[in-house]
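This is a predicted model, so every value here is computed, not measured.
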Amino acid sequence: MFKTSLSIISAALLSVSSHSYANESLPYINVAAKIDGKLDEAVWQQAKKIKINNVTWPQENAVSPVETTAYVYENGSSLFIAFDAKDPNPELIRAFYRDRDAAWNDDLVGIKIDSFNNSLSAYQLFINPLGVQQDSIENELTKREDSSWNGIWDSAGSIHVSGYFVEVEVPLRVLNFDDSIKTKTMAMEFVRFYPRDQRLRISNMQIEHANNCWICQMPEYSGFEQAKQSSKVALIPSLVASKQQTRDIDGSEAGEWQDEDNVEPSLDVKWAITPDMTLNATLNPDFSQVEADTGQLSVNNSFSLFFPEKRSFFLDNADYFSSHLNLIHTRNIAAPDYGIKFTSSKQGHTVGAFVANDDKLNVMIPGNLGSRVVLFDKKSENLALRYRYDFNSKLSVGTTTTARQSDDYNNQVISLDSKYKLTNNDVFKAQVLISDTDYTQAFVDELCDGEQGDCQKPSLPECEINSDCDLNESTLRVLNEDDQKGLGYYLNYEHNEKHWRAFTSYQYRDKGLRSDLGFMSQIDFNKFLAGYEYRWYGDESTWWNRANWYTDWDITHNDNDELLEKEVQTNFSINGPLQSRINTGVEHRKRTGLRHNEASLAVDGNTDLFTENNLWTYMEMKPVSGVFTSLNISTGNKVDLANNRLGEEFSVRPVINLNLGKHFELRFRHTYQTLEADGADVFTANLTDVRVTYQFNLNSYLRLAVINTDIERNPSNYIDSVDATYKGLSTQLLYSYKLNPQTVFFAGFSDSGYQDDELEEITKDSKTFFMKFSYAWLM
C-alpha cells in the first residue's frame with residue numbers, strides 16, 4: 001500500500017505535461033507571406049491546415065455554428081498564420097477601428113502560444129476583421145492576464161461577402177523560447193470569438209472546464225529547427241517637450257501663473273542577449289504617462305487607490321516579477337534618472353531583476369483599517385529581484401526580494417512562494433514574506449511636518465496638507481521604532497470540478513510588515529476565508545447559456561485578537577440573450593469603525609462594531625454591434641467612517657460605450673453615491689468620466705477626456721469640520737500616432753482645477769501642453 005501511494009506521488013511529480021493531443025509538426029517554408037489580409041498567395045496552400053470548430057465557452061465543447069480554418073507555417077525567423085473565418089451573415093460582423101488593445105468586444109481570431117511549453121504562461125495575440133491588434137500574456141501562476149504587454153508583430157484583415165480573412169506574421173524575436181534545442185516544441189491554441197446573441201469562444205481544441213489550467217491542455221506543435229536568432233538590439237530614443245503652467249490658490253485668491261518649459265531627451269536600449277534572455281536599460285527615461293487614468297471616486301473609503309502600470313520600461317516581461325501577492329508595484333517609482341532591468345527564462349529557471357533611482361519617494365503607511373500615501377521630495381534607490389523554478393507543469397517555487405532606501409529610511413522584503421497542482425482539479429498556493437524597515441527620527445519628523453513632507457490622503461481629493469497628518473497614536477509608535485521587522489504569509493487551496501468548486505484561504509500580516517515597493521495597504525490582520533461555487537450550463541433548448549451561484553464566509557482579527565470584520569456574502573448570476581448578464585447578491589458583515597478623533601489607520605484597543613447589510617445588482621448587455629451598457633446598483637447599511645456610526649448608503653454606476661460608425665466612439669461612466677446618518681444627509685458624490693475618440697485608421701486617433709468630480713457634504717452632520725463643497729474638473733485632448741508600440745507620436749493639452757468653500761467657481765490651477773516622440777530602431 002505504501003509503495004503504491006509512493007508511486008502515485010512520484011508519477012504526479014514527474015509528470016511534465018497535461019497535454020492530451022498528439023504532437024504535430026509545423027511546416028518550414030522559406031517564404032515570407034505578404035501580410036495584406038487577402039489570403040491569395042500560393043504559400044498558404046502549403047501551410048498546415050487547422051480546423052477551429054469547438055465551442056469552449058460558454059458551453060463545454062459544443063459544435064461550432066460557423067466554419068473557421070487556420071493556415072500555419074514558419075520560415076525560421078517568423079511564424080505565419082492566416083485565418084479564413086466564414087460567416088453566413090457578414091453584415092453582422094462586429095469590427096471597428098480602435099486603438100491597440102481596445103477591440104476585445106469585436107469579432108476576433110487569434111493564437112495563444114506557450115513558447116516554453118511549460119504550461120505556465122502564454123502569449124495571446126488576437127486580431128479583429130479590420131486588423132486591429134490585441135495582445136496580452138496569460139500567467140497561469142497568478143491566474144491573471146496582462147494586456148499591457150505590447151509586442152511588435154504584423155497583421156491585416158479584410159471583410160468579404162462570405163466572412164473575413166486575417167493574416168498574421170509573428171517575428172520569433174518577440175517570443176521568449178529556448179533556442180538551444182534543435183527541434184522546438186510550443187503549445188498553441190487557435191481561437192475565434194464570435195459575438196452575436198452569445199459571445200462564443202471557438203477553439204481548435206476541446207477544453208475540460210473542470211481543469212482550471214487551460215494552458216495545460218493546449219496541443220503541442222514542433223518545428224522551428226532553423227529558428228536561430230543572433231543578438232537583437234533595439235534602440236528607442238525619445239524626446240518629450242512640455243510647457244506647464246501652475247499657480248497657487250490661497251483662499252479665494254488665485255496667484256500668478258508660473259511657467260515651466262521642459263525638453264527632455266531619453267534613450268531606451270533593449271538587448272536580446274539570447275531569445276530567452278533580455279537586458280533593458282534606460283537613461284533619463286521618459287516615465288511620463290500620456291493618457292489620463294480612469295476616474296475613481298473614493299469617498300467614505302480609508303484605503304489608498306490602486307492605479308495600474310502603463311509605462312513601457314516596466315511593462316516589458318512584467319509577468320516575470322509576478323507572485324501571489326503584489327510585492328512589486330512599479331508605479332511607486334515616479335521620476336527616475338536611470339533604470340536597468342534583466343529578465344531570463346530558460347529550462348525552468350525564470351529570473352527578473354531591476355534597479356532604478358527616483359527623484360521622489362512615495363511611502364504607503366498601512367494599518368488594519370486604512371492606509372495613507374506620503375509623498376516626499378527626496379531621492380530614493382529601488383531594487384527588485386524575482387526568481388522562480390518550475391520543476392514541471394505541476395510544481396513551481398519562487399522567491400522575491402525588494403529594497404528601497406533614502407538618506408533616512410529603508411525597507412527590505414524577502415518572500416518565498418509556491419504553487420503545487422496536486423491533480424487537474426486541486427491547486428495549493430503558499431507565500432511567506434518578512435520585512436525589515438528602518439524609519440529614522442528625522443524621517444518621522446519629516447513625515448508629520450507639513451513644511452517638509454506632503455502628507456496627502458488620496459481618498460479625499462479636497463484634503464489639504466495639515467500639520468499632524470492625522471496619523472493615529474499606534475501608527476506613530478510603530479514609525480518611531482528604530483528597527484521594525486514584520487512577518488506575513490498566505491495559504492490557498494482550491495478544488496475545481498466542471499459544475500462546482502470549493503476553496504479556502506488564510507492570510508496573516510503582523511503590524512510591523514511593510515512592502516513599500518509593492519502595493520500593501522493593509523497590515524496587522526489575520527483573515528480566514530472559505531467559499532463555494534456551483535455552475536449550470538445551458539444548451540440550445542434554454543434561453544440562458546450559463547448560470548452561477550457563489551458564496552463565501554470570512555473573518556478577520558488584528559494581532560490583539562480584536563475582531564476587524566466578519567462577513568458572509570452570496571450572489572447568483574445568469575448569462576442570457578443579447579450577451580446579457582445579471583448578477584445580484586447580498587452581504588452581511590460586522591466590522592470595526594474608525595474613531596473620530598484619529599485617522600485610525602489601525603485598531604489598537606477596543607472600538608465600536610457595526611453591522612452592515614448590503615444588497616447589490618450588476619447588469620450588462622451588448623444588444624447590437626457597437627453598443628455596451630452596464631448598471632451597478634448598491635444599497636444598504638454602511639459605516640460612516642468619518643464619524644464612526646452606521647448610515648444608509650446608496651450608489652449607482654451606469655456605463656455606456658457607443659460606437660457611431662467604424663471610427664467614432666463615446667465612452668461614458670458616472671458614479672452617484674449618497675450617505676445618510678442620524679436622519680440627515682452626510683454627503684452626495686458624483687463622478688463623471690467621458691471620453692470621445694475618433695480613430696482615423698489603425699495607427700492614429702484623437703481623444704477628448706473630461707473627468708468631473710462633485711462632492712457636497714453636510715458640515716452640520718460631521719464631528720470634525722469639513723468643506724461643504726468640493727468640485728474638481730480635469731480635461732485632456734490627445735492626438736496619438738503609433739506606427740508600432742515603440743514608434744509613437746503624442747501631442748496634447750491637459751488642465752485641471754477645483755472649487756471649495758472659499759472659491760465661488762472651479763478655478764484652474766494647472767495647464768500643460770505636451771509632445772512626445774519615440775522611434776524604435778531594430779538592429
Side-chain angles (χ1 to χ4, degrees), residues 296-305 364-374 448 450 455-476 521-522 524 558 562-565 587 589-614 634-651 671-687 709-728 754-758:
Q296 297 188 53
L297 181 63
S298 183
V299 185
N300 202 36
N301 177 20
S302 59
F303 287 101
S304 303
L305 298 178
M364 181 178 289
I365 307 298
N368 55 38
L369 295 181
S371 60
R372 300 286 183 265
V373 175
V374 186
C448 291
C455 300
Q456 299 184 357
K457 299 185 213 176
S459 59
L460 300 178
E462 72 279 25
C463 180
E464 297 179 354
I465 296 172
N466 56 61
S467 60
D468 64 2
C469 296
D470 284 342
L471 296 175
N472 67 349
E473 181 181 351
S474 64
T475 303
L476 288 174
S521 60
Q522 186 176 20
D524 184 21
N558 68 359
E562 295 169 313
L563 180 66
L564 300 179
E565 180 180 272
E587 299 170 346
R589 73 169 63 89
K590 288 188 176 181
R591 59 171 294 186
T592 300
L594 299 178
R595 289 164 291 181
H596 72 271
N597 60 339
E598 301 176 355
S600 296
L601 298 182
V603 168
D604 192 13
N606 293 325
T607 188
D608 297 328
L609 283 174
F610 298 95
T611 299
E612 295 180 336
N613 294 287
N614 190 30
S634 175
T635 184
N637 310 113
K638 189 78 170 182
V639 174
D640 176 7
L641 297 176
N643 302 289
N644 200 44
R645 60 188 172 184
L646 197 63
E648 292 288 333
E649 185 180 71
F650 174 76
S651 68
T671 302
Y672 171 79
Q673 184 178 349
T674 65
L675 182 69
E676 296 181 0
D678 294 339
D681 291 341
V682 179
F683 67 79
T684 299
N686 288 273
L687 173 69
T709 304
D710 187 343
I711 302 173
E712 297 291 338
R713 289 186 169 86
N714 178 7
S716 64
N717 204 13
Y718 277 78
I719 295 175
D720 298 321
S721 62
V722 295
D723 277 354
T725 299
Y726 173 81
K727 296 181 180 181
Y754 71 94
Q755 176 186 354
D756 59 16
D757 286 358
E758 296 181 325

Participant: Report yes if some heavy atom in the side chain of Thr709 is under 4.5 Å from a heavy atom in the side chain of Tyr754; otherwise report no.
Facilitator: no
Participant: Could you tell me the separation between the CG atom of Leu646 and the CG atom of Leu675, rounded to the nearest 0.5 Å?
Facilitator: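 Answer for the CG-CG pair, Leu646 versus Leu675, is 9.0 Å.
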Participant: Please report the closest heavy-atom contact between Leu641 and Arg591, naming both atoms and the distance.
Facilitator: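 Nearest pair, atom of Leu641 first, then Arg591: CD2-NH2, 3.4 Å.
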Participant: With under 30° as parallel and over 60° as perpendicular, where do the rings of Tyr672 and Phe650 fit, or are they tilted in between?
Facilitator: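 Judged by the thresholds at 30° and 60°, the geometry between Tyr672 and Phe650 is perpendicular.
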Participant: Rounded to the nearest 0.5 Å, what separates atom CG in Asn686 from atom OG1 in Thr674?
Facilitator: 9.5 Å
Participant: Under the side-chain contact (heavy atoms from CB on, under 4.5 Å) test, which residues partner Asp678, sequence neighbours left out?
Facilitator: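 By the side-chain contact (heavy atoms from CB on, under 4.5 Å) rule, Asp678 matches Arg645, Asn717.
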Participant: My understanding is that only residues two or more places apart in sequence, or in another chain, count here; which of them pass side-chain contact (heavy atoms from CB on, under 4.5 Å) with Glu648?
Facilitator: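 By the side-chain contact (heavy atoms from CB on, under 4.5 Å) rule, Glu648 matches Asn637.
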Participant: Indicate yes or no: at least one non-hydrogen side-chain atom of Glu712 is less than 4.5 angstrom from one of Lys727.
Facilitator: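 Touching, per the 4.5 Å side-chain cut-off.
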Participant: Distance from Glu649 atom CD to Phe683 atom CZ, nearest 0.5 Å?
Facilitator: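 One gets 5.5 Å once the value is rounded to the nearest 0.5 Å.
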Participant: Would you check if there is a donor-acceptor pair between the side chains of Asn368 and Asp524 at a distance under 3.5 Å?
Facilitator: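 Judged by distance alone, the side chains do pair up.
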Participant: Calculate, to the nearest 0.5 Å, the distance between atoms CG and CG belonging to Asn643 and Asp720 respectively.
Facilitator: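 Spacing of CG (Asn643) from CG (Asp720) equals 7.5 Å.
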Participant: Find out whether Asp723 and Thr725 are in side-chain contact, i.e. whether some heavy atom of one side chain is under 4.5 Å from a heavy atom of the other.
Facilitator: no
Participant: Residues two or more places apart in sequence or in another chain: which of them pass side-chain hydrogen bond (donor to acceptor under 3.5 Å, both in side chains) with Ser721?
Facilitator: none
Participant: Less than 4.5 Å apart, side chain to side chain, heavy atoms only: is that true for Glu612 and Val639?
Facilitator: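 When only atoms from C-beta onward are counted, Val639 and Glu612 do touch, with a gap below 4.5 Å.
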Participant: Report yes if the side chains of Thr592 and Glu562 come closer than 4.5 Å at any heavy-atom pair, otherwise no.
Facilitator: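 Thr592 vs Glu562: side chains apart.
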Participant: Heavy atoms only: give me the nearest Asp681-Asn714 pair and the separation to one decimal.
Facilitator: O-ND2, 3.0 Å
Participant: Of the non-hydrogen atoms in Asp757 and Ala724, which two are nearest, and what is the gap between them?
Facilitator: OD2-N, 2.8 Å
Participant: Quick one: CD on Gln522 to CE on Met364, what's the gap to the nearest 0.5 Å?
Facilitator: 11.5 Å
